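Treat the numbers as computed from the prediction; the structure is a model and nothing was measured.
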Amino acid sequence: MLKGQKALVTGANSGIGRATAIGLGRAGADVVVNYVADRDAAEQVVDEIKGFGVRAAAYEADVSQEDQVIAMVDGMVQEFGTIDILVANAGLQRDARLTDMTLAQWQKVLDVNLTGQFLCAREVTKEFLRRGVVPEVSRAAGKIICMSSVHQLIPWAGHVNYASSKGGVLMMMQTLAQELAPQRIRVNAVAPGAIRTPINRSAWETPEARKDLLRLIPYDRIGDPDDIAYAVVGLASDLMDYVVGTTLYVDGGMTLFPGFATGG
Ligand code: BGC
């Protein structure tokens with residue numbers, strides 16, 4: 001489905017990013033696996049992707065650092081020839097109640113989750129614009145998929161930094177989609193609900209936590225990273241060429257106000 005396309009996935013050595021990078025490789029794309037720590041994990045992802053007969057490489061860069069993002073995108077264009085798909089996935093949580101939250105915790109989450117996506121989107125867009133549409137490859141000049149969260153919509157007590165970053169991702173995604181659509185660049189987002197990854201281990205690790213969590217998920221199961229990977233592959237492909245500026249919620253119904261299933 002994505003044969004001949006070059007994809008960059010940030011934060012691709014674990015969790016949702018890892019599954020997404022592998023999913024893109026399975027769909028035929030060549031993939032750059034960005035990571036900031038744990039090179040071994042990134043190399044494992046690379047090996048798995050190469051098993052599909054496509055190219056893959058690991059690239060270390062902190063997405064919140066402008067010089068590192070510029071160098072990564074330049075390096076990818078040199079090595080792989082160009083870039084067709086960005087999955088701006090790298091993200092983290094630093095949870096605290098408001099009065100305990102340090103400025104460093106606030107800033108770190110905004111820097112990685114929001115500024116990091118901005119920097120990656122800006123740099124890949126320069127290459128999309130330089131190259132333009134290559135009809136044999138894709139109907140679009142480029143695709144940007146922002147990894148958001150149900151918390152771009154659902155307020156989340158104890159997580160004001162994270163929820164604010166994802167609220168920012170929503171408006172950034174829509175604004176960029178509007179700005180870049182005339183150049184045939186499609187910007188969209190995927191908003192995962194509760195997906196079984198290291199970021200939210202405490203929410204699913206114990207039976208009690210899992211029971212509490214499932215109360216928030218009408219579909220009654222915790223998501224798998226592959227649930228998100230499939231959504232990303234779909235959005236990146238020409239089958240969804242007319243999808244511009246949309247958020248695809250992949251959340252088992254978490255955004256359906258499950259508390260109202262019986263009340264109200
Ligand atoms: C967060 C997870 C959380 C999920 C649902 C995600 O964006 O990173 O920690 O479990 O939203 O609340």
S.K.: Report the distance from atom CG of L176 to atom CE of M171, rounding to the nearest 0.5 Å.
M.R.: 11.0 Å
S.K.: Assess whether salt bridge (charged side-chain N to carboxylate O under 4.0 Å, His left out) is satisfied between D212 and R215, documenting all intermediate values.
M.R.: CA-CA 5 Å; D212 278 353; R215 265 200 279 274; 2.5 Å; yes
S.K.: Side-chain contact, heavy-atom cut-off 4.5 Å: K126 with L129?
M.R.: no
S.K.: If you compare all heavy atoms of L216 against all heavy atoms of P218, which two are closest, and at what distance to 0.1 Å?
M.R.: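 Distance-wise, the nearest heavy atoms are O-CD, 3.6 Å.
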S.K.: Is there a donor-acceptor contact under 3.5 Å from the side chain of D226 to the main chain of A229?
M.R.: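 A pair under 3.5 Å: no.
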S.K.: Please examine the side chains of F118 and E66, heavy atoms only from C-beta on, and report whether any two atoms are closer than 4.5 Å.
M.R.: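 In short, these two side chains do not touch, never coming nearer than 4.5 Å.
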S.K.: So Y249 and L153, side-chain contact (heavy atoms from CB on, under 4.5 Å) or not? Walk me through it.
M.R.: CA-CA 10 Å; Y249 287 90; L153 188 72; 3.8 Å; yes
S.K.: Heavy-atom count around Q183 CD within 6.0 Å, excluding the residue itself: above 12?
M.R.: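 Counting other residues, nucleotides and ligands, CD of Q183 exceeds 12 neighbours.
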S.K.: Does Q152 offer a backbone N or O that forms a donor-acceptor pair with the side chain of S149 under 3.5 Å?
M.R.: no
S.K.: Tell me whether N89 contacts the main-chain N or O of G11 through its side chain, where contact means a donor paired with an acceptor under 3.5 Å.
M.R.: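 Judged by distance alone, yes, a pair lies under 3.5 Å.
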S.K.: As an exercise, state the distance from OH of Y35 to CG of D62, rounded to the nearest 0.5 Å.
M.R.: 12.5 Å
S.K.: Among the clusters formed by ILVMFWY side chains lying less than 4.5 Å apart, do L170 and I154 turn up in the same one?
M.R.: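 No.
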S.K.: With a 4.5 Å limit on heavy-atom distance, are the side chains of L114 and V169 in contact?
M.R.: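 Counting from C-beta outward, L114 and V169 do come under 4.5 Å.
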S.K.: Any cation-pi pair here, R94 with Y162, using under 6.0 Å and within 45°?
M.R.: no
S.K.: Check whether any side-chain heavy atom of I195 sits under 4.5 Å from a side-chain heavy atom of D224, and report yes or no.
M.R.: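 Of all side-chain heavy-atom pairs linking D224 with I195, none is under 4.5 Å.
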S.K.: Should E48 and R18 count as an ion pair when the cut-off is N to O under 4.0 Å?
M.R.: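 Counted as a salt bridge, because a side-chain N and a carboxylate O are separated by less than 4.0 Å.
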S.K.: Quick one: closest heavy-atom pair of V133 and A141, and the distance?
M.R.: CG2-N, 3.7 Å
S.K.: Identify the two heavy atoms, one from T247 and one from A191, that lie closest to each other, and give their separation to 0.1 Å.
M.R.: CG2-CB, 3.5 Å
S.K.: What closest approach, in Å, do D220 and L214 show between heavy atoms, and which atom pair accounts for it?
M.R.: C-CD2, 3.7 Å
S.K.: Got more than 12 heavy atoms from elsewhere within 6.0 Å of CZ, R201?
M.R.: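 Yes, the 6.0 Å shell around CZ holds more than 12 heavy atoms from other groups.
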S.K.: Are I144 and V9 connected in a single hydrophobic cluster, I mean Ile/Leu/Val/Met/Phe/Trp/Tyr linked by side-chain heavy atoms less than 4.5 Å apart?
M.R.: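 In one cluster with V9: I144, no.
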S.K.: Counting only heavy atoms not in E205 (residues, nucleotides, ligands), do more than 12 fall under 6.0 Å from its CD?
M.R.: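 Above 12, so yes.
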S.K.: Check the orientation of F260 and F257. Use parallel for under 30°, tilted for 30 to 60°, and perpendicular for over 60°.
M.R.: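 F260 and F257: perpendicular rings.
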S.K.: Measure the shortest side-chain to side-chain distance between V63 and V112 over non-hydrogen atoms and say whether it is less than 4.5 angstrom.
M.R.: yes
S.K.: Measure the CG-CG distance between N161 and D111 for me, rounded to the nearest 0.5 Å.
M.R.: 11.0 Å
S.K.: Between R184 and D241, does any NZ, NE, NH1 or NH2 come within less than 4.0 Å of an OD or OE carboxylate oxygen?
M.R.: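 Answer for the salt bridge query: no.
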S.K.: With hydrophobic residues grouped by side-chain heavy-atom distances under 4.5 Å, do V32 and V77 end up in a single group?
M.R.: yes
S.K.: Can we say K211 and E208 salt-bridge, meaning some charged N sits less than 4.0 Å from an Asp/Glu carboxylate O?
M.R.: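 Salt bridge: no.
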S.K.: Using modelled atom types only, decide if a donor and an acceptor are shared between the side chain of N188 and the backbone of G245 within a distance under 3.5 Å.
M.R.: yes
S.K.: Does the T175 side chain pair with the main chain of M172, one donor and one acceptor, at a distance under 3.5 Å?
M.R.: no
S.K.: Roughly how far apart are M101 CE and D95 CG, rounded to 0.5 Å?
M.R.: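 M101 CE to D95 CG: 7.0 Å, rounded to 0.5 Å.
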S.K.: First locate atom OG1 of T102, then atom CD of Q105, and finally report the distance between them rounded to the nearest 0.5 Å.
M.R.: 3.5 Å
S.K.: Counting C-beta onward and ignoring hydrogens, is there a side-chain heavy-atom pair between L24 and I22 closer than 4.5 Å?
M.R.: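 Result no, sub-4.5 Å side-chain heavy-atom pair not found.
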S.K.: Do we get R196 above W204's six-membered ring, with its NZ or CZ under 6.0 Å from the centre and within 45° of the axis?
M.R.: yes
S.K.: Pick from V54, V137, D30, T82: which one makes a side-chain contact (heavy atoms from CB on, under 4.5 Å) with Q5?
M.R.: V137
S.K.: Have S138 and D238 got a donor and an acceptor in their side chains that come within less than 3.5 Å?
M.R.: yes
S.K.: Does a side-chain N-to-carboxylate-O contact under 4.0 Å join R97 and D100?
M.R.: no
S.K.: Taking the side chain as everything from C-beta on, heavy atoms only, tell me whether I228 gets closer than 4.5 Å to M147.
M.R.: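 Touching, per the 4.5 Å side-chain cut-off.
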S.K.: Are K6 and D84 within salt-bridge range, i.e. N to O under 4.0 Å?
M.R.: no
S.K.: Sub-3.5 Å donor-acceptor pair from the side chain of R186 to the main-chain atoms of M240, do we have one?
M.R.: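 Yes, because the side chain of R186 sits within donor-acceptor range (under 3.5 Å) of the backbone of M240.
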S.K.: Would you say the side chains of S165 and N113 form a donor-acceptor pair under 3.5 Å?
M.R.: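 Yes, side-chain donor-acceptor contact under 3.5 Å.
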S.K.: Is there a donor-acceptor pair under 3.5 Å between the side chain of D251 and the backbone N or O of G253?
M.R.: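 It does hold such a pair.
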S.K.: Side-chain contact test, heavy atoms from C-beta onward, threshold under 4.5 Å: evaluate it for L2 versus S237 and give yes or no.
M.R.: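 Sidechains of S237 and L2: in contact.
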S.K.: So, for V87 and V232, which heavy atoms are closest and what is the spacing to 0.1 Å?
M.R.: CG2-CG1, 3.7 Å
S.K.: How many angstroms lie between atom CD1 of I83 and atom CG of L8, to the nearest 0.5 angstrom?
M.R.: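 These two atoms lie 4.5 Å from each other.
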S.K.: Quiz question: by atom type and distance under 3.5 Å, do the side chains of Y59 and Q68 form a donor-acceptor pair?
M.R.: no
S.K.: Indicate yes or no for a side-chain donor-acceptor contact from N13 to the backbone of V45 under 3.5 Å, with no hydrogens or angles considered.
M.R.: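 The answer is no, because no donor-acceptor pair under 3.5 Å joins these two groups.
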S.K.: To check you understand the geometry: which heavy-atom pair defines the closest contact between Q117 and C146, and what is its length?
M.R.: OE1-CB, 3.2 Å
S.K.: Between the side chains of E43 and K50, is the shortest nitrogen-to-carboxylate-oxygen separation below 4.0 Å, so that they form an ion pair?
M.R.: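 Answer for the salt bridge query: no.
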